[in-house]
Amino acid sequence: MNYLVAMEAAWLVRDVEDIDDAIGVAVSEAGKRLNDQDMDYVEVEVGATTCPACAEPFDSAFIAADTALVGLVLEMKVFNAESTEHAQRIAKSEIGGALRDVPLKVIETVEFAEDEEPPTESEQ
């Protein structure tokens, strides 16, 4: 079967003063490291965190002492995997190899048929 595996990554950005700059740097650095490994098929976007007070989502980024922690969502299609767990291991191994020392956590795995496109993060 084919799967879309979504992972959350914790990306550290130093010497930033603004959330938007931190997000831009994190997405750019992650994309560059993946592209350097010819992994341009991995989608990179900023994650969302739910506000505990109002329950509205906001960009997953926090700055303290000019250092930001940005939560990124990395999505990768895995084809012909034996199971959900197998697809997750493949994706984590591939992405983890390119993004060494970056904490990764599988957050969602969606099965899709060969003749259809998997749903994107925004469609779920």
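All values derive from a computational prediction rather than experimental measurement.
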Q: Compare all side-chain heavy atoms of Arg89 with those of His86 and state whether any distance is below 4.5 angstrom.
A: yes
Q.
Nearest 0.5 Å, please: how far is CD in Gln37 from CD1 in Ile95?
A. 12.5 Å
Q: Could you pull out the closest heavy-atom pair between Ala87 and Val5, with the gap in Å?
A: O-CG2, 3.8 Å
(Q) Using 0.5 Å steps for rounding, measure from the CD atom of Gln88 to the OG1 atom of Thr84. (A) 6.5 Å
Q. Got more than 12 heavy atoms from elsewhere within 6.0 Å of CZ, Phe58?
A. yes
Q. Judged by modelled atom types alone, do Glu108 and Tyr3 share a side-chain donor-acceptor pair under 3.5 Å?
A. no
Q.
Going by side chain to side chain donor-acceptor pair (under 3.5 Å), name the residues that satisfy it together with Ser28, two or more places apart in sequence or in a different chain.
A. none
(Q) Is there a side-chain hydrogen bond (donor to acceptor under 3.5 Å, both in side chains) between Tyr41 and Glu75? Walk through the geometry before answering. (A) CA-CA 9 Å; Tyr41 50 86; Glu75 292 183 340; over 6 Å; no
Q: Specify the closest pair of heavy atoms between Leu104 and Lys92, including all atoms of both residues, with the distance to one decimal.
A: O-NZ, 3.4 Å
**Q.** Heavy-atom closest pair, residues Val73 and Ala6
**A.** CG1-CB, 4.5 Å
**Q.** Any side-chain heavy-atom pair of Leu34 and Asp40 under 4.5 Å
**A.** no
Q. What heavy-atom pair brings Met1 and Glu111 nearest, and what distance separates the two atoms?
A. CE-OE2, 2.8 Å
Q.
Is there a side chain to side chain contact (heavy atoms under 4.5 Å, CB included) between Asn2 and Asn80? Walk through the geometry before answering.
A. CA-CA 5 Å; Asn2 303 318; Asn80 301 319; 4.0 Å; yes
Q. Does any non-hydrogen side-chain atom of Val70 lie less than 4.5 Å from one of Val46?
A. yes
Q | pair Glu56-Thr50: side-chain heavy atoms closer than 4.5 Å | A | no
Identify every side-chain donor-acceptor pair in residues 9-21 under 3.5 Å, counting partners at least two apart or on other chains, and give the distances.
from: Trp11; atom 1: NE1; to: Glu29; atom 2: OE1; distance (Å): 2.8
from: Asp18; atom 1: OD2; to: Asp20; atom 2: N; distance (Å): 2.9
from: Asp18; atom 1: OD2; to: Asp21; atom 2: N; distance (Å): 3.1

Q: Over all heavy atoms of both residues, which pair between Met39 and Ala98 is shortest? Give the atoms and the distance, please.
A: SD-CB, 3.6 Å
(Q) Taking side-chain contact (heavy atoms from CB on, under 4.5 Å) as the definition, give me every residue that meets it alongside Val27, ordered by chain and number, with sequence neighbours left out. (A) Ile23, Val44, Leu72
**Q.** Hphob cluster co-occupancy, Met7 + Leu69, side-chain heavy atoms under 4.5 angstrom
**A.** no
